[in-house]
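Working notes, beginning with the structure itself.
Note that this is a predicted model, so its numbers are computed, not measured. Just so you know, these numbers use all the heavy atoms, side chains as well, and skip hydrogens, waters and symmetry mates. In listed order, ligands and their atoms are each counted from 1. Start at 1 with the first residue, then count along the sequence.
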Amino acid sequence: MPDKIIEKIVELKEKRNAVILVHNYQPGELQDIADFLGDSLDLSQKARDSKKDVIVFCGVHFMAETASILCPDKTVLLPEITSGCPMANMVTADKLKAMKKDYPGVPVVCYINTTAEVKAESDVCCTSSNAVKIAKSIDSNKIIFVPDKNLGHYVSTQVDKEFILWEGYCPIHINIIEEYVLKAKKEHPKAEVIVHPECPPDVVKIADVVLSTSGMCNYVRESKKTEFIIGTETGIIYRMKKENPGKSFYPATDLAVCPNMKKNSLEKLLWALEDMKYKIEVPKETREKAKKCIDAMFKINSV
Ligand code: 13P
Ligand code: SF4
């Protein structure tokens, strides 16, 4: 049955002139069918540069919304409309506006895990792979960082500036606690500990390496080590195992599963292409402001 579905997806993808972008946390069956598999930065760049008419985004809402902001003339589809990112919803444009009033003139760096409205209120966006670079390049020694206090804290340890952190966090990465990592280290003493910067500070502190999801995939591919403890959403381990058959990967905890990333399936991808749903669009005024914030990130990222 999956073969039949895959056949139909491939057929419809050609007919619609579509590209399938898939995040590293998506179910394996979707990773296997991806035109591009990657982290938030990789996929936003692929969306921006795509020549196709349709972008099907297998990820969560803010990712498809970012693609739509960058490519307003293309049709951007999110196969499961309820796939949100709870952390992105922890800050609203109105609350951010209120905070900005308390810190006049202080630039706002927003994580890409935000709504278009929040991006429209921010100066520059960042992803987990370039947050340090973006923060360093800002011409101010004070920065408002939204919404992830854990990523913000990590960046603050790498950049000599004052950070005003929003009280947001990823409800999945906070399940990766120090106790679990120490237990995994005990069980696999030869393994390197690789974590995502959305993890809590005490976990980041005991990690060997801190990277974005694609950064992790590149790292384990290049590394001479053969065992790794992975401190992020467990879906990434599918890709790591597939690309590195001789190496072993252990999740820091089985509790790090993002239910929103797992709502997607081959069937939903097929329905998305059949019915051209669900279209993600952003009103012009918000889109134009949000695009400035994302373009500012690309500009800094490219130097
Ligand atoms: P990456 O950009 O590192 O893939 O992170 C996205 C994300 O949502 C992590 O939880
Ligand atoms: Fe959002 Fe966390 Fe899921 Fe990433 S893992 S999409 S930050 S809830």
Exercise. At a 4.0 Å threshold, what atoms of ligand 1 neighbour a non-hydrogen atom of H23?
Worked result: 1 (P), 4 (O), 6 (C)
Seminar exercise, completed: min-distance protein heavy atom vs atom 9 (C) of ligand 1 -> E198 OE2, 3.0 Å
Problem set entry | Electrostatic pair K52-E14, nearest N-O below 4.0 angstrom | no
For this session: Verify the distance criterion only: is there a donor paired with an acceptor across the side chains of K247 and T226 at less than 3.5 Å?
Result: no
Exercise. For ligand 1, is there an N or O atom under 3.5 Å from any N or O atom of D39?
Worked result: no
Problem set entry | Neighbouring protein N, O or S atoms of atom 1 (Fe) of ligand 2 [cut-off: under 2.8 Å, no waters] | C85 SG
Problem set entry | side-chain hydrogen bond (donor to acceptor under 3.5 Å, both in side chains) assessment of T253 paired with N175 | CA-CA 8 Å; T253 168; N175 291 322; over 6 Å; no
Exercise. Does N24, backbone or side chain, put an N or O under 3.5 Å from an N or O of ligand 1?
Worked result: no
Seminar exercise, completed: Counting from 1 in the order shown, the ligand 1 atoms closer than 4.0 Å to a non-hydrogen atom of N113 are 7 (C), 8 (O)
Problem set entry | Close-contact set for ligand 2 against E198 heavy atoms, below 4.0 Å | 2 (Fe), 7 (S)
Problem set entry | Any donor-acceptor N or O pair under 3.5 Å, side chains S214, N24 | yes
Exercise. Going by heavy atoms, is M87 under 4.0 Å from ligand 1?
Worked result: no
Exercise. Numbering the atoms of ligand 1 from 1, which are under 4.0 Å from a heavy atom of Y25?
Worked result: 7 (C), 9 (C), 10 (O)
Exercise. CZ of F249: more than 12 outside heavy atoms within 6.0 angstrom?
Worked result: yes
Exercise. Which atoms of ligand 1 sit under 4.0 Å from any heavy atom of S128?
Worked result: 1 (P), 2 (O), 3 (O)
Exercise. When you look at CG of D160, are more than 12 heavy atoms from neighbouring residues, nucleotides or ligands closer to it than 6.0 Å?
Worked result: no
For this session: Consider every N or O of T127 and every N or O of ligand 1, then say whether any pair is closer than 3.5 Å.
Result: no
Exercise. More than 12 non-hydrogen atoms from neighbouring residues, nucleotides or ligands closer than 6.0 Å to NZ on K263, yes or no?
Worked result: yes
Problem set entry | Protein contact of atom 4 (Fe) of ligand 2 - nearest heavy atom, named by residue and atom, plus distance | Y25 CE1, 4.0 Å
Exercise. Can E198 and Y111 be counted as having a side-chain donor-acceptor contact under 3.5 angstrom?
Worked result: yes
For this session: Could you please spell out the steps behind the side-chain contact (heavy atoms from CB on, under 4.5 Å) verdict for Q45 and L41?
Result: CA-CA 6 Å; Q45 286 169 329; L41 181 67; 3.9 Å; yes
Problem set entry | Close approach, M216 and ligand 1, non-hydrogen under 4.0 angstrom | no
Problem set entry | Trace of the salt bridge (charged side-chain N to carboxylate O under 4.0 Å, His left out) decision for D35 with K13 | CA-CA 10 Å; D35 290 313; K13 189 178 79 165; 2.7 Å; yes
Exercise. Can a salt bridge be assigned to the pair E288 and K292 using a cut-off of 4.0 Å between side-chain N and carboxylate O?
Worked result: no
Exercise. To which protein heavy atom is atom 6 (C) of ligand 1 closest, and what is the distance rounded to 0.1 Å?
Worked result: S40 OG, 3.4 Å
Problem set entry | More than 12 heavy atoms of other groups within 6.0 Å of Y238 OH | yes
Exercise. Which atoms of ligand 1 have any heavy atom of S212 under 4.0 Å away?
Worked result: 3 (O)
Exercise. Taking R287 as the fixed residue, which of K289, E285, K284 is the one that meets the side chain to side chain contact (heavy atoms under 4.5 Å, CB included) rule?
Worked result: K284
For this session: Heavy-atom distances under 4.0 Å are what count here, so tell me which part of H196 touches ligand 1: side chain, backbone, both or neither.
Result: side chain
